[in-house]
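Predicted model only: the values in this text are computed from it and were never measured. Throughout, protein chains are lettered first and strands after them, A, B, ... in sequence-line order, and every chain is numbered starting at 1.
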2 protein chains.
Amino acid sequence: MRVTIRDVAKRSGVSVSTASLALNNKPKVSPETREKVLRAAQELNYHVHHTARNLAVGMTYQIGLFTPVSLEHTFSSSDFFTKLIQGIYNAAQDKGYSLMLFVADEAADVAAQVDRWIRSRSVDGFLITHPSFQMPYLDVLRTNAIPFVFVGRPPETGHTSPISYVDNDNVQVARKATEHLLELGHRRILFINGPARFTYAQDRLQGYQDALQQYDVSLDPGLVKAAELTFVDAHHVTEQTLEEQDFTAIVVLNAMQALGSIQALAKHGLSVPQDISIVASNSALTAYIHPPLTTVDIFPYQLGFQAVQLLQRQIVEDAIDHAIVPCQLIPRSSTVALH
Amino acid sequence: MRVTIRDVAKRSGVSVSTASLALNNKPKVSPETREKVLRAAQELNYHVHHTARNLAVGMTYQIGLFTPVSLEHTFSSSDFFTKLIQGIYNAAQDKGYSLMLFVADEAADVAAQVDRWIRSRSVDGFLITHPSFQMPYLDVLRTNAIPFVFVGRPPETGHTSPISYVDNDNVQVARKATEHLLELGHRRILFINGPARFTYAQDRLQGYQDALQQYDVSLDPGLVKAAELTFVDAHHVTEQTLEEQDFTAIVVLNAMQALGSIQALAKHGLSVPQDISIVASNSALTAYIHPPLTTVDIFPYQLGFQAVQLLQRQIVEDAIDHAIVPCQLIPRSSTVALH
DNA sequence: CTGAAAGCGCTTACAG
DNA sequence: CTGAAAGCGCTTACAG
């Protein structure tokens, strides 16, 4: 038999309303009464019935975690997503929210689905990863005035109103990577960026340029390449550039790209770091790769944690804001000074 | 203003109860009435309030997706998890369930948390990935008699009662991989298995043995190795075995291991498939690797889909059962006949 | 086939 | 500080 607040009230000899007040730590209840109620609850192993409470207060205490998984490449080769979710989950728990998972399938009519979720009052707000994804649901979100925050800087598409988001400091990611190589004496640095459709690629290019400028090195467009975050793409781009350009160092985005590059170099008799230095970001596989990669670490856990905080602020006080998570250079053996 | 079933009833000129009956497609309502109600609902853009309905029917229509993310290695190098979730999500949608995400943190007192979730009536049942994880919550699940199914065969720890689960046909995975190499004429096949603590490793070893036996090849214990699903571990094991044993082919578990092995071989002047053939399973990175790997594909999407079906059967009719998803050999250029 | 009523388990004004 | 009552939005016996 389920134990209800009724049982708790009865056992502690107070009314249901008083029991509720005590259980919810409301101010206007005497210490002794509260004590009595709490003890009774404990003895009966009482736990509030979420559904009932939610109905009464008109909230769901659920956050919709909305993920376009179809973009699997982006995540599959790293623990980015795992860490991100961990951060989201912990922050949500702290604030009394649960996470409802929504997987966006490109095929489905995402906008209509989002509309249904909102109208069926399933969530208090949304956390949306990867805003560079097509966003047909954006209008629905807005007309329903439901809180949401993006993980990743949304592209500028002439939004009328501002959007809450969290993101890595992608400018710094590329800047630190590049600066590190410049400090080691490298001047011709191949920059393998992500696809232009992602905002982080724009930001990282900026960081690369900033670093060069700081060291008075002029940018050679032939050293800036775009590639998907895959082994083959990096392999291909590296090999191709090898034929056209001289360079002594490479900045790549992630470990998969690093692996692809390293193998392309090996194929041409070049080894890392003896002949070419490499720095990557996103440390996922770093420990499992040979040689251990110098990386600019990003912090997806923090990203997730802060995303929830922003969302909660939007839910309770309607605040729109954004947060940028800093990054950190971790030197390892894949980079070496140029003689 | 929220539109409720009251509004629908009013607009269609029937009582609230009739409206409810019609909306839920209950049999005892005349076609004309149903039609009227449905039209009104449509016109008003009515959607049932989930929380209210759930409270009334005493269910949550939520499935708890319970994942020990701490085991990141296992998933990080593949799209296994992504596909799995996709399958789970789609099946859940089909059956009217939403997914509530629970991330198990080793540090936290998981059992106590599970207890809270159950008592607060947050879910109708659990889907639990990776049962080889420590399972201190198992007792809680059982004493509360809440439905749950494992993704992956749970280890035999003297359970009194049977447990529902889905799993890949891991015996066949290893068997097909090995048979393929045997057919190509290979006889000395290095088998790099996963860590012994996982049930799939037991199953796969079985498959390897079965295949050898079928071809009357006696098992050489020196060719059976355990490694984590990582680049370095596979690299290390491969290199080590190279010094002790002769072999012409390797069976590895996933693409990360394949990469590690390939690099170890390269270091010793051996290339794939000219000198050594390799077959992997779990096709995640296959397309991004050079050379393209012969794999035994597994189907995590199906795994997820079927897990939900089993759970739902357990919820509605208390049925305990299990399902095994078949696998499939995909020959590519990393394997070649022995001359 | 349809309607009035009770109830799911909680919270929150409103009196006292 | 405490209690009786109404209400959150739905569903489901129970009569008719």
Checklist entry - Is C:dC14 paired to anything, Watson-Crick or G-U wobble with both distances less than 3.5 Å, and if yes, which nucleotide? => result D:dG3
Item to check | Rounded interatomic separation in angstrom, taking CG from B:Leu23 and P from D:dT12 | outcome: 13 Å
Checklist entry - Of the nucleotides D:dT12, C:dC10, D:dC10, which one has an atom closest to the side chain of B:Ala52? => result D:dC10
Next on the checklist: Is it the case that the ring center of A:Phe66 lies less than 6.0 angstrom away from the ring center of A:Tyr137?
Outcome noted: yes
Checklist entry - Choosing from C:dC8, D:dT12, C:dT12, which nucleotide comes nearest the side chain of B:Ser17? => result D:dT12
Checklist outcome for this item: Of the listed C:dT12, C:dT2, C:dT11, the closest approach to the B:Thr18 side chain comes from C:dT2
Checklist entry - Taking NZ from A:Lys28 and C1' from C:dA15, how many angstroms apart are they, rounded to a whole number? => result 12 Å
Checklist entry - If you look at every strand shown and take non-hydrogen atoms under 4.0 Å, does A:Ser30 touch a base, only sugar-phosphate, or nothing? => result sugar-phosphate
Checklist entry - What nucleotide among C:dC10, D:dG9, C:dT12 has an atom nearest to a side-chain atom of B:Leu55? => result D:dG9
Next on the checklist: If the cut-off is 4.0 Å, is A:Arg53 near the phosphate of C:dG9, judged by side-chain N/O to OP1 or OP2?
Outcome noted: no
Next on the checklist: Using a 3.5 Å distance criterion without hydrogens, assess whether the side chain of A:Asp124 forms a donor-acceptor pair with backbone atoms of A:Thr60.
Outcome noted: yes
Checklist entry - Ignoring hydrogens and geometry, is there a side-chain-to-backbone donor-acceptor pair from A:Arg34 to A:Lys26 under 3.5 Å? => result yes
Checklist entry - B:Tyr46 OH to D:dT11 P: how many Å, rounded? => result 6 Å
Next on the checklist: OP1 or OP2 of D:dT12 versus the side-chain N and O atoms of B:Lys26: is any pair under 4.0 Å?
Outcome noted: yes
Checklist entry - Under the 3.5 angstrom rule, does the side chain of B:Arg2 hit a backbone N or O of A:Arg119 as a donor-acceptor pair? => result yes
Next on the checklist: Heavy atoms from C-beta onward define the side chain here; which of C:dG3, C:dT11, D:dT12 lies closest to that of B:Ser15?
Outcome noted: C:dG3
Checklist entry - Rounding to a whole Å, what distance do you find between A:Arg6:CZ and C:dC8:C1'? => result 11 Å
Checklist entry - Looking across every strand, which nucleic acid part, if any, lies under 4.0 Å from B:Ser20 by heavy atom: base, sugar-phosphate, or nothing? => result base
Item to check | B:Met59 CE to D:dC10 P, straight-line distance once rounded to whole Å | outcome: 18 Å
Checklist entry - Roughly how many Å is it from CZ in B:Arg119 to P in C:dG9, rounded to a whole number? => result 15 Å
Next on the checklist: Whole angstroms only, please: what is the CG-P distance between B:Leu21 and C:dG3?
Outcome noted: 11 Å
Next on the checklist: Taking the nucleotide of DNA chain C with the nearest heavy atom to each, does A:Asn24 or B:Thr33 sit closer to the 5' end?
Outcome noted: B:Thr33
Next on the checklist: Categorize A:Val16 for me: base, sugar-phosphate, or nothing, with a 4.0 angstrom heavy-atom threshold over every strand shown.
Outcome noted: base
Checklist entry - Any donor-acceptor pair under 3.5 Å linking the side chain of A:Arg11 with the backbone of A:Glu43? => result no
Checklist entry - Counting only N and O atoms by type, is there a donor-acceptor contact under 3.5 Å from the side chain of A:Asp167 to the main-chain atoms of A:Arg153? => result yes
Item to check | Nucleotide D:dC1, atom C1' - distance to CZ of A:Arg34 in whole Å | outcome: 11 Å
Checklist entry - For the side chain of B:Val29, counting heavy atoms from C-beta on, which of C:dT11, C:dT2, D:dT11 is nearest? => result C:dT2
